[in-house]
Each structure stands twice: as structure tokens, then as C-alpha cells.
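Worksheet: the structure to be examined is printed underneath.
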There are 2 protein chains.
Amino acid sequence: MQTNQPKSIREKSLKTILFAAQEEFVLQGYKGATVQSIADKAKLPKANVLYYFKNKENIYHAVLEHTLDMWDKGIGDIIPEDGPKLAIEKFIRAKVTMSFKHPQASKIYAMEIIQGAQHLKDFTRTYLRQWVRDKAKVFQHWIDNGEMKDVDPVNLIFLIWSSTQHYADFDNQILTIMNRADYEQDDINHVTRFLTDFILTGCELNND
Amino acid sequence: MQTNQPKSIREKSLKTILFAAQEEFVLQGYKGATVQSIADKAKLPKANVLYYFKNKENIYHAVLEHTLDMWDKGIGDIIPEDGPKLAIEKFIRAKVTMSFKHPQASKIYAMEIIQGAQHLKDFTRTYLRQWVRDKAKVFQHWIDNGEMKDVDPVNLIFLIWSSTQHYADFDNQILTIMNRADYEQDDINHVTRFLTDFILTGCELNND
DNA sequence: TTAAAATCTGACCCAATGGTAAGTTTATTT
DNA sequence: AAATAAACTTACCATTGGGTCAGATTTTAA
């Protein structure tokens with residue numbers, strides 16, 4: 001990131017292409033996505049897209065990176081000072097909000113992992129593994145302190161991840177089942193409430 | 001299915017191709033999968049594969065259908081007679097087992113839904129929607145009867161789905177995080193125990 | 001105003017891939 | 001054993017799609 005005010009042509013183009021690419025990759029998968037249709041979506045000639053990104057692989061990398069960045073920023077931290085109840089509440093709310101607001105990002109990530117995480121092996125082995133270990137330690141600390149039920153922290157993290165991201169990745173299925181066209185703000189609230197309530201109860205942290 | 005004993009050449013070929021195709025589709029996605037590499041995996045010449053299945057789309061359909069069949073058979077039912085505790089226990093155990101034993105199936109399905117469920121719109125709109133409504137009714141019945149906590153049944157179903165299938169769809173990520181090469185039987189048991197315990201607690205059904 | 005740099009574009013190339021055609025070999029039936 | 005059907009195979013075609021290139025146009029710098 002350089003200047004930020006008038007936004008150069010370069011930056012604008014990059015952003016447009018990235019956005020178009022994200023859509024295309026989600027809908028068609030990596031191989032299925034064509035540079036031509038990314039260009040069409042971005043309303044640029046194909047050669048122009050290839051001028052900004054050397055090749056298709058590069059576009060995909062950029063999309064992945066952008067996705068990870070956004071996800072990282074959007075999801076707050078789990079810190080000991082919050083205590084288990086508040087920390088879990090905050091975490092679930094953040095994840096649900098992200099899922100409803102940026103389903104594309106979640107989907108790109110999910111597909112990448114499902115297909116073997118070819119482009120994310122490194123990220124998973126280093127960053128993510130450490131993240132999980134750190135957070136598991138925080139949970140374990142609360143458990144040892146008698147502040148929450150003795151549940152396996154790692155699997156708890158998996159449960160929170162999966163149950164929240166489900167609303168992004170499987171939005172089509174969920175909407176079809178509920179016979180609805182789109183999510184609304186109420187849905188975010190409802191799901192957030194359901195999940196926090198349920199999971200806190202699972203941790204024996206609910207005092208309603 | 002016809003005869004079953006000596007198994008005709010046709011049946012054997014179909015099965016081989018289907019199995020190879022499943023692998024290929026998971027790894028490469030629909031577009032990324034090539035008939036040639038399906039053929040290679042099945043150790044048959046490409047034209048022979050196209051002899052059994054008119055075209056790539058047909059192979060994919062067959063894989064999807066096979067997947068749904070298997071899933072349907074593998075997951076028991078949720079019936080009122082079992083009562084909430086046993087029913088949920090059985091359901092989770094079945095889903096976790098399926099996830100660990102047939103991750104490919106789960107992945108194919110997940111990718112299809114994530115990408116917009118083009119080939120499963122019908123299945124979702126009719127069969128799945130009805131299934132969810134039926135099972136939600138069973139849960140609601142138990143709730144009204146005071147047999148379990150008043151949680152939203154539909155979202156409970158989503159939570160069980162997502163948290164169980166996560167171990168199939170994201171197996172790469174999970175194994176990498178845990179620094180392991182493969183799942184073992186112990187993992188199935190451990191996860192089953194964790195999820196049943198946690199979810200039953202969430203429904204206030206745990207009497208340990 | 002001019003030079004240089006950045007942006008844009010149409011035309012083209014070529015490898016990969018889905019699918020076909022036409023025929024050969026193997027299995028089954030009569 | 002002959003005839004028919006099923007299974008297999010080789011060679012080929014047409015299209016798609018990633019990527020290049022040479023030059024045009026616009027923007028920025030001197």
C-alpha cells in the first residue's frame with residue numbers, strides 16, 4: 001500500500017481484478033476460472049489483466065493472500081484477560097459476522113483446503129498451527145483455573161470454526177432449505193445468539 | 001445393480017472408473033479433472049472410459065449420485081422413539097464415522113454446494129429441505145415435551161452437520177495442525193466422544 | 001514541450017483437452 | 001463354429017484457453 005487518497009490507476013485496477021477473480025474462482029474453481037471471464041467481470045481486456053498479473057496463478061495467489069489478510073483482521077483475538085465467556089462470545093460474533101459479510105472469502109479458503117491446501121501448506125504448518133496451540137493454551141488455562149468446563153480446547157476451536165463458517169460456505173444450501181433468497185441482518189443476530197448460547201452452554205458458562 | 005456374484009466386466013469397470021473419478025474430482029475440481037487422468041487412475045485408455053460414460057459430465061453425475069446414496073445409507077435416522085439423547089448420540093456417531101471413513105464423499109458434496117450447488121439444486125430443494133423439516137419437528141416435539149433444552153432445531157442440525165463434516169472436509173488442515181500424517185481409530189473415538197459430550201451438554205442432556 | 005514511463009489493446013500462437021469415428025479384439029450366445 | 005454383441009483401441013478433430021508480442025495510447029516527469 002502506498003498513497004491512499006486519489007488511488008492510482010494501478011491500485012484501482014488491481015482491486016477490480018482481484019474482486020472479479022474472487023467471484024470467478026469461487027464459482028468455477030481454480031481450473032474452471034478463465035482469465036477471459038475474470039477480465040469480462042472486471043470490464044477489462046484480457047491482455048490488460050495479464051499486464052497487471054503475470055499469469056493466472058498469480059491472480060489466484062493474490063486472491064488467497066487478500067483473503068487471509070481480511071480474515072486475520074476481521075477476527076479478533078482470544079485473550080486471557082477477557083475470561084472464557086466474553087472471549088468466546090467475541091470470537092463467535094466476529095466469525096459469524098465475517099461469514100455472513102464475506103462468504104466468498106470463506107469459500108475460497110474452504111475450497112483450497114478441501115482440495116489439499118496446495119497453496120496454503122506453509123500457512124497451515126506455521127502460522128495456523130501456532131495460532132491453534134496458543135489459543136488452546138489460553139483455554140487450558142481457564143480450564144485449569146476452574147473457569148470453564150474441561151473440554152478439549154483444540155476440538156472446541158474446530159467446532160467453533162466449522163459451525164460458524166458453515167453459514168458462509170453452505171449459504172446456498174441453507175438458504176434453499178429455509179426457502180429464502182438472501183440472508184438479512186436478523187439472521188446474523190439470530191445465528192450469533194444461537195451459537196453463543198449453545199456453545200457457552202456446552203462449556204457450562206451460561207448463567208441465564 | 002444386477003447379479004452380484006461373478007461381477008460383470010461392466011460393473012467392475014464402472015466401479016473402477018467411479019472410484020478414480022471421485023479422487024480426481026476432489027483433487028482438481030470439476031473443470032480441473034481431465035478424462036485422461038481419470039483414465040490413468042483407473043488404468044484404462046481414455047476412449048474406454050468414454051465408452052462407459054458418454055462424457056465427463058456424466059461421470060460427475062454418477063459420482064455425485066453414488067455419494068448421495070452412500071451418505072444416505074450411512075447416516076441413520078432420527079426417530080422420536082429414541083428420545084433426544086440416544087438419537088443425537090447415534091446421529092453424531094454415524095456422521096463422524098462417515099466423515100473419517102469416507103472423506104472424499106463429504107468433500108465432493110461440500111465443493112458442489114460451495115460452488116453453487118448447480119447439480120444438486122433439486123436434491124436440496126426437495127429431499128433435503130423436507131428432511132430438515134421432518135427432523136426439526138422431531139426435535140421440537142422433544143422440546144415441547146420438556147425432554148431437552150429449547151434450542152432452535154434447524155440451527156442445531158446445521159451445527160451437528162458442520163462440526164462433524166469438518167473432520168472430513170478439512171482433514172488436511174486438521175492433520176497439519178496436529179502434526180500428524182493420518183487419522184487413526186482412536187481419533188474417531190475421541191472426536192465422537194468430544195462432540196457427543198459437548199453437544200449433549202449444549203442441549204442440557206448430559207447427566208455425567 | 002518533449003522524453004520516458006505506464007497503461008492499454010488486438011492479433012496471434014500453441015498446448016491441452018473433450019469428444020468422435022472407425023475399426024479390432026474378446027466374450028457370449030445360438 | 002458361426003454370428004452377434006460387448007469391450008477395447010488408435011488416430012484424429014475442433015475448441016478452448018493461457019500466455020506473448022508488437023505496437024498504440026495515455027499519463028507523468030523533466
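All heavy atoms count here, side chains included; hydrogens, waters and symmetry mates do not. Every chain is numbered from 1 and lettered A, B, ... according to where its sequence line falls, protein lines coming before strand lines. All figures in this text were calculated on a predicted structure; none of them were measured in a lab.
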Determine which bases of DNA chain D form Watson-Crick or G-U wobble pairs with both distances under 3.5 Å, and write the result as a 5' to 3' dot-bracket string with | for other-strand partners.
||||||||||||||||||||||||||||||
In the structure I gave you, are the side-chain heavy atoms of A/Lys41 and A/Thr16 within less than 4.5 Å of one another anywhere?
no
How close or far is atom C1' of D/dA6 from atom CD of B/Glu11, stated in whole angstroms?
14 Å
Produce a footprint string for nucleotides 16-22 of chain C: one letter per nucleotide, 5' end first; B if the base is under 4.0 Å from any protein heavy atom, S if only the sugar-phosphate is, - if neither.
-SBB---
Rounded to whole Å, NZ of B/Lys43 lies from P of D/dC8 at a distance of 15 Å
When you check the gap from the basic side-chain N to the acidic O, do B/Lys149 and A/Asp197 get nearer than 4.0 Å?
yes
Under 3.5 Å, which donor-acceptor pairs do the side chains of residues 58-66 of chain A form with other protein atoms, sequence neighbours left out?
unit_1: A/Asn58; atom_1: ND2; unit_2: A/Asn55; atom_2: OD1; d: 3.3
unit_1: A/Tyr60; atom_1: OH; unit_2: A/Glu112; atom_2: OE1; d: 2.5

Report, one pair per line, the protein and nucleotides 25-30 of chain D atoms (nitrogen or oxygen only) whose separation is under 3.5 Å.
none

How many whole angstroms separate atom CD of A/Gln28 from atom P of D/dG18?
11 Å
For a quick check under 3.5 Å, do B/Thr34 and B/Ser37 share a side-chain donor-acceptor pair by atom type?
yes
Electrostatic pair A/Asp40:A/Lys46 at N-O distance under 4.0 angstrom
no
Establish, with yes or no, whether the OP1 or OP2 oxygen of C/dA6 is under 4.0 angstrom from a side-chain nitrogen or oxygen of A/Arg10.
no
Rounding to an integer number of Å, can you tell me how far A/Tyr52 OH sits from C/dA6 C1'?
8 Å
Round to a whole Å and report the spacing from CG of B/Leu14 to P of D/dC8.
10 Å
Charged N to carboxylate O below 4.0 Å: is that the case for B/Lys90 and B/Asp77?
no
Does a donor on one side chain sit under 3.5 Å from an acceptor on the other, for A/Tyr30 and A/Gln118?
no
Just by distance, do the side chain of B/Arg129 and the backbone of A/Met178 share a donor-acceptor pair under 3.5 Å?
no
Going by an N to O cut-off under 4.0 Å, is there a salt bridge joining B/Arg193 and B/Asp186?
no
Send over the distance from B/Asp40 CG to D/dT9 P, rounded to a whole Å.
13 Å
Could you state the atom-to-atom distance from CZ of A/Phe25 to P of D/dG17 in whole Å?
14 Å
Does A/Asn48 make a side-chain N or O approach to OP1 or OP2 of C/dT9 shorter than 4.0 Å?
yes
Residue pairs fulfilling salt bridge (Lys or Arg N to Asp or Glu O under 4.0 Å) with at least one residue in residues 160-170 of chain A, sequence neighbours excluded
none
Starting at CD1 of B/Ile17 and ending at C1' of D/dA7, how long is that distance when rounded to a whole Å?
11 Å
Report yes if at least one side-chain N or O of A/Tyr51 is closer than 4.0 Å to OP1 or OP2 of C/dT7; otherwise report no.
yes
Restricting to salt bridge (charged side-chain N to carboxylate O under 4.0 Å, His left out), what partner residues turn up for A/Lys56, sequence neighbours left out?
none
